[in-house]
Amino acid sequence: MKYRRLELQGFCQESIKPNQLLTSTSAFNSSFVQLDLVNAEALQHLFASQRFDVVINLAAQAGVRHSLEHPEQYVSSNLVGFANLLECVRRHTIQHFLFASSSSVYGLNKEIPFQTDQQTDAPVSFYAATKKANEAMAHSYAHLYGIPTTGLRFFTVYGPWGRPDMAYYSFAKAIAAGTPIQLFNHGDMLRDFTYVSDVVESILRLLKSAPQIATSSAPYKLYNIGNNKPVQLLEMVNTLERLLDQRAILDLKPMQPGDVKVTFANVDELIKATGYSPNTSLQQGLAAFVTWFKAYHQLEEQILQIAS
């Protein structure tokens, strides 16, 4: 089945000029529009003019640590913007709405691996609180208006073109530059690293599996999107050291407020629904990332040299 779909994603604000429309050079009939989800009028106009069949919402203000200092940005993007999007989905009869949640909603849950039927009512960061709120808001719309809705709890997504504030990216930059990297809880952290291509494959498969009425009386379903193989943070650092052929300078710190020690996804429901489980090893994924990282930052340096 072919869909006319809308994918909403966050991006670097400096990468595109306001109101600039870009056309994909690799995907037919795809285009990119810069639009703030907080702008309800502009968002409604986009939906009215394009008549989307499905919506994949990956747009949000992300990051646990940033939410400690700038909670107002999370209210604006993750709550107001998400509510505006739900209204568009309701008014324009969307066939399937998929949205990004986060493994952060599990908080300090000690029962691992994390399962979607576990209690998630005690978030330990404001970012996690907004993502939990998104799940509740989406469920209410699914229940009230019969909108097939799928929530995606992502676990530490990484890979080329990733967010520079993510640990793997910032660690790679620090190792390459010979500057210290901060390891919280003295590096004693487990993360369920999930490679970006596995995330894309999971989304595309779930796109075709719109939920029916479930036990919650709504066509609503949550899935963990994780690799099901948590790895020590220090192992990730050691892998980056080997790939970059350079030693890391470690600055060991105590646990930071809002952080959790372990993330570990149970993906049985994902496998049941799609027949697919994320399976890219950390070694494979970081090797692909480092190849991109070297090429990208070499090009960045060349551009800066030309500009100067």
Side-chain angles (χ1 to χ4, degrees), residues 5-22 32-50 52 55-92 94 97-107 120-142 144-145 147 149-154 156-157 161-167 169-170 199 203 220 222 256-260:
R5 68 176 185 255
L6 172 63
E7 299 180 21
L8 299 166
Q9 303 183 29
F11 54 86
C12 177
Q13 292 291 339
E14 290 78 16
S15 65
I16 181 172
K17 296 179 180 179
N19 303 316
Q20 183 178 6
L21 175 67
L22 301 180
F32 305 86
V33 181
Q34 181 174 347
L35 191 153
D36 189 345
L37 298 188
V38 177
N39 188 336
E41 183 178 354
L43 194 59
Q44 287 287 353
H45 177 74
L46 177 67
F47 271 72
S49 63
Q50 297 299 318
F52 301 112
V55 172
I56 306 170
N57 175 38
L58 307 179
Q61 178 63 59
V64 168
R65 291 166 191 163
H66 190 67
S67 71
L68 300 176
E69 299 177 358
H70 300 283
E72 72 286 351
Q73 296 178 8
Y74 292 74
V75 171
S76 177
S77 296
N78 297 4
L79 300 181
V80 176
F82 192 76
N84 290 342
L85 183 58
L86 286 173
E87 270 298 284
C88 289
V89 168
R90 175 182 73 85
R91 294 183 184 182
H92 296 279
I94 299 302
F97 175 54
L98 301 92
F99 70 95
S101 185
S102 168
S103 63
S104 295
V105 301
Y106 289 106
T120 55
D121 296 330
V124 295
S125 71
F126 190 63
Y127 166 64
T130 63
K131 301 311 285 185
K132 177 61 178 178
N134 285 170
E135 294 181 357
M137 294 161 72
H139 183 275
S140 71
Y141 267 68
L144 291 169
Y145 308 113
I147 303 166
T149 301
T150 298
L152 310 165
R153 289 179 174 172
F154 293 129
T156 316
V157 180
W161 297 102
R163 290 189 358 241
D165 65 302
M166 292 287 283
Y169 199 135
S170 61
V199 171
I203 293 173
Y220 177 91
L222 290 169
Q256 175 147 316
D259 220 339
V260 296

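Quantities reported herein were computed from a predicted structural model and do not represent experimental measurements.
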Q: How long is the straight-line distance from CG of L37 back to OG of S76, given to the nearest 0.5 Å?
A: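 It comes to 9.5 Å.
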
Q: Side-chain contact test, heavy atoms from C-beta onward, threshold under 4.5 Å: evaluate it for T150 versus L222 and give yes or no.
A: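 When only atoms from C-beta onward are counted, L222 and T150 do not touch, as no gap falls below 4.5 Å.
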
Q: Closest approach of S102 and K131, non-hydrogen atoms and distance?
A: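 Closest heavy-atom pair between S102 and K131: CB-CG, 4.0 Å.
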
Q: Using 30° and 60° as the class limits, which term best fits the ring planes of Y74 and F126: parallel, tilted or perpendicular?
A: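 Rings of Y74 and F126: perpendicular, over 60°.
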
Q: Can you find a pair of side-chain heavy atoms, one from S103 and one from R153, that are under 4.5 Å apart?
A: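 No, every pair of side-chain atoms sits at 4.5 Å or beyond.
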
Q: How long is the span from the OG1 atom in T130 to the CD atom in E135, to the nearest 0.5 Å?
A: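 CD of E135 is found 10.5 Å from OG1 of T130.
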
Q: Under 6.0 Å between the ring centres of Y141 and F97?
A: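 Here the rings of F97 and Y141 have centres that are no less than 6.0 Å from each other.
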
Q: To the nearest 0.5 Å, tell me how far E41 CD sits from N84 CG.
A: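 The distance works out to 11.5 Å.
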
Q: Determine whether Q44 and E87 make a side-chain contact, defined as any pair of heavy atoms from C-beta on separated by less than 4.5 Å.
A: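 Sidechains of E87 and Q44: in contact.
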
Q: Please name the pair of heavy atoms, one in Y220 and one in H139, separated by the smallest distance, quoted to 0.1 Å.
A: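 Heavy-atom minimum between the residues: CD2-CD2, 3.4 Å.
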
Q: Is a side-chain N or O of S140 found less than 3.5 angstrom from the main chain of M137, in a donor-acceptor match?
A: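 Yes; at least one donor-acceptor contact below 3.5 Å.
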
Q: State the CG-CD1 distance between L86 and I147, to the nearest 0.5 angstrom.
A: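 Result: 7.0 Å between the selected atoms.
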
Q: Mind checking whether T149 and V89 have side chains closer than 4.5 Å, heavy atoms only?
A: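 Side chain of T149 against side chain of V89, heavy atoms only: no contact under 4.5 Å found.
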
Q: In this structure, are over 12 heavy atoms from other groups packed under 6.0 Å from H70 atom NE2?
A: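 Buried by this count: over 12 neighbours within 6.0 Å.
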
Q: With distance as the sole test, does N78 use its side chain to make a donor-acceptor pair with the main-chain N or O of A60 at under 3.5 Å?
A: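 Side chain of N78 to backbone of A60: no pair is present.
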
Q: With salt bridge (charged side-chain N to carboxylate O under 4.0 Å, His left out) as the rule and sequence neighbours excluded, what pairs involving residues 64-80 come up?
A: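 Of all non-adjacent pairs touching residues 64-80, those that pass salt bridge (charged side-chain N to carboxylate O under 4.0 Å, His left out) are R65-D259.
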
Q: Identify the heavy atoms of V260 and G107 that sit nearest to each other, and give their distance.
A: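 Shortest heavy-atom separation between V260 and G107 comes out as CG1-O, 3.2 Å.
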
Q: For H92 and F47, take the angle between the two ring planes, folded into 0 to 90°, and tell me which bin it lands in: parallel under 30, tilted 30 to 60, perpendicular over 60.
A: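 H92 and F47: tilted rings.
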
Q: For a quick test of reading the model, state the closest non-hydrogen atom pair linking N57 to A59 and the distance between them.
A: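 What the structure gives for the nearest pair is OD1-N, 3.1 Å.
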
Q: When you look at L68 and Q256, which way does the side chain to side chain contact (heavy atoms under 4.5 Å, CB included) test go after all the steps?
A: CA-CA 10 Å; L68 300 176; Q256 175 147 316; 4.0 Å; yes

Q: Any side chain to side chain donor-acceptor pair (under 3.5 Å) involving residues 120-129? Give me the pairs, sequence neighbours left out, ordered by first then second residue.
A: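 Qualifying pairs, neighbours excluded: T120-K132.
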
Q: Do the side chains of F154 and V199 get nearer than 4.5 Å, heavy atoms only?
A: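 Yes - at least one pair of side-chain heavy atoms lies under 4.5 Å apart.
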
Q: For D165, enumerate each residue passing the side-chain contact (heavy atoms from CB on, under 4.5 Å) test, keeping only those at least two apart in sequence or located in another chain.
A: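 Checked D165 against side-chain contact (heavy atoms from CB on, under 4.5 Å); matches are R163.
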
